[in-house]
Amino acid sequence: MTTPSPTTPPTLRTDWGQTAAGCLRTDDYWIWEYNGGKMDARTVLGGPSQTTNCFESSWDATVTFAGSGCPPQYTSACGDAEAGAVTCCPSAYDFSCQAETWTPGYNHAEWFRCMSKNGNRNVVIVTKTDMRQNTLVVQTRTRAPNEHLFALAVMYSAPVRT
């Protein structure tokens with residue numbers, strides 16, 4: 001009988017950066033709607049294409065890279081690399097970490113670990129994507145004070161020393 005070896009996490013290269021033009025634009029607001037608006041929609045910085053166009057090919061919302069710092073245009077929002085994982089959020093806004101009180105797979109919350117609160121009432125252009133219907137609608141929307149904006153994170157922990 002063989003003992004399975006632990007999976008080696010992908011390495012977050014120190015020279016890694018966004019892989020496509022337009023990633024992390026500060027005015028790129030999207031509503032990701034998964035279930036017809038029934039408690040499963042988020043206003044997010046960037047659209048769904050960023051999952052394939054803006055991150056390393058091994059990126060996934062639940063992947064923790066082996067690394068030593070946040071990539072360019074990201075800042076540490078929470079965590080400790082020596083004690084566990086560091087969550088890096090886009091520097092475009094004052095993001096903090098969303099509390100990990102979710103049930104995995106429910107509400108897609110594990111995808112949106114970075115959260116920021118809007119300070120002022122402002123009018124923005126939002127692209128709404130319905131994942132179930134595969135539709136896009138561009139609309140003007142007023143963001144209220146204290147409304148949340150979410151973003152995808154990059155997580156890393158210190159490489160295991162052998």
Side-chain angles (χ1 to χ4, degrees), residues 7 9-13 15-65 67 70-79 85-156:
T7 304
T11 300
L12 182 61
R13 296 185 340 258
D15 64 342
W16 177 82
Q18 295 291 310
T19 56
C23 295
L24 297 178
R25 287 191 348 251
T26 58
D27 62 348
D28 192 18
Y29 298 108
W30 286 69
I31 296 176
W32 295 28
E33 189 172 277
Y34 288 94
N35 196 11
K38 295 182 176 103
M39 299 293 292
D40 199 3
R42 298 275 190 287
T43 302
V44 180
L45 181 63
S49 66
Q50 70 180 308
T51 62
T52 54
N53 295 342
C54 298
F55 290 100
E56 291 265 354
S57 61
S58 56
W59 181 90
D60 182 274
T62 60
V63 167
T64 300
F65 290 89
C70 294
Q73 295 184 312
Y74 284 79
T75 188
S76 174
C78 65
V86 172
T87 300
C88 303
C89 294
S91 304
Y93 288 92
D94 185 20
F95 285 106
S96 59
C97 291
Q98 182 177 190
E100 292 189 34
T101 57
W102 61 77
T103 302
Y106 173 78
N107 235 352
H108 296 90
E110 69 271 15
W111 275 74
F112 309 108
R113 295 174 185 270
C114 302
M115 182 174 67
S116 180
K117 282 188 180 180
N118 189 36
N120 303 310
R121 180 173 302 280
N122 56 343
V123 177
V124 296
I125 296 174
V126 176
T127 304
K128 183 177 180 179
T129 182
D130 184 319
M131 304 297 198
R132 186 180 274 178
Q133 300 295 323
N134 197 27
T135 58
L136 291 175
V137 176
V138 177
Q139 59 193 49
T140 301
R141 184 165 173 255
T142 301
R143 291 191 63 215
N146 296 320
E147 182 179 317
H148 292 111
L149 176 66
F150 295 90
L152 301 175
V154 175
M155 297 181 300
Y156 77 90

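With salt bridges taken as basic N to acidic carboxylate O contacts below 4.0 Å, none links Asp130 and Arg132. One finds no salt bridge joining Arg121 and Glu147 here, because no Lys/Arg side-chain nitrogen approaches an Asp/Glu carboxylate oxygen to under 4.0 Å.
The two atoms that bring Ala85 and Thr64 nearest to each other are CB-CG2, 3.9 Å, heavy atoms only. Closest approach of Ala153 to Thr87, counting heavy atoms only: CB-CG2, 3.7 Å. Taking every heavy atom of both residues into account, Ala151 and Phe95 meet most closely at CB-CZ, 3.6 Å. Taking every heavy atom of both residues into account, Ser58 and Pro10 meet most closely at OG-CB, 3.6 Å. Smallest separation of non-hydrogen atoms from Leu24 and Ala92: O-CB, 4.4 Å.
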Determine whether Glu33 and Met131 satisfy the following criterion, side chain to side chain contact (heavy atoms under 4.5 Å, CB included), listing intermediate values before the conclusion. CA-CA 6 Å; Glu33 189 172 277; Met131 304 297 198; over 6 Å; no

Please test Leu149 against Arg143 for side chain to side chain contact (heavy atoms under 4.5 Å, CB included), starting from the C-alpha separation and ending with a verdict. CA-CA 10 Å; Leu149 176 66; Arg143 291 191 63 215; 3.6 Å; yes

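The shortest side-chain heavy-atom distance between Arg141 and Thr43 falls under the 4.5 Å cut-off. Looking at heavy atoms from C-beta onward, Asp28 lies out of side-chain contact with Gln50 at the 4.5 angstrom threshold. Val44 has its side chain out of reach of Tyr29: every pair of non-hydrogen atoms, C-beta onward, lies at least 4.5 Å apart. In this structure, the side chains of Ser76 and Val86 come closer than 4.5 Å at one or more pairs of heavy atoms. Between Met155 and Phe65, every side-chain heavy-atom pair lies at or beyond the 4.5 Å cut-off.
Between the side chain of Tyr93 and the backbone N or O of Leu45 there is no donor-acceptor pair closer than 3.5 Å. The main-chain N or O of Ala61 is found under 3.5 Å from a side-chain atom of Arg113 such that the two form a donor-acceptor pair.
Aromatic pair Trp32/Phe112: centroids less than 6.0 angstrom apart.
Residue Met115 holds its CE atom at 6.0 Å from CZ of Phe150, rounded to the nearest 0.5 Å. Between atom CG of residue Leu12 and atom SG of residue Cys88 there is a gap of 7.0 Å, rounded to the nearest 0.5 Å. Atom OG in Ser91 sits 10.5 Å away from atom CG in Asp94 (nearest 0.5 Å). Here the CG atom belonging to Leu152 is positioned 10.5 Å from the SG atom belonging to Cys23, to the nearest 0.5 angstrom. Atom CD in Gln98 sits 10.5 Å away from atom SG in Cys78 (nearest 0.5 Å).
Within a 6.0 Å sphere centred on CG of Asn122, heavy atoms belonging to other residues, nucleotides or ligands number more than 12.
For a disulfide, the SG atoms of both cysteines must be under 2.5 angstrom apart; this fails for Cys97 and Cys114.
Here Trp59 pairs with nothing under the side-chain hydrogen bond (donor to acceptor under 3.5 Å, both in side chains) rule; sequence neighbours left out.
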If you look only at distance, which donor and acceptor atoms sit under 3.5 Å apart when one is on a side chain in residues 133-140 and the other is two or more places apart or in another chain?
none

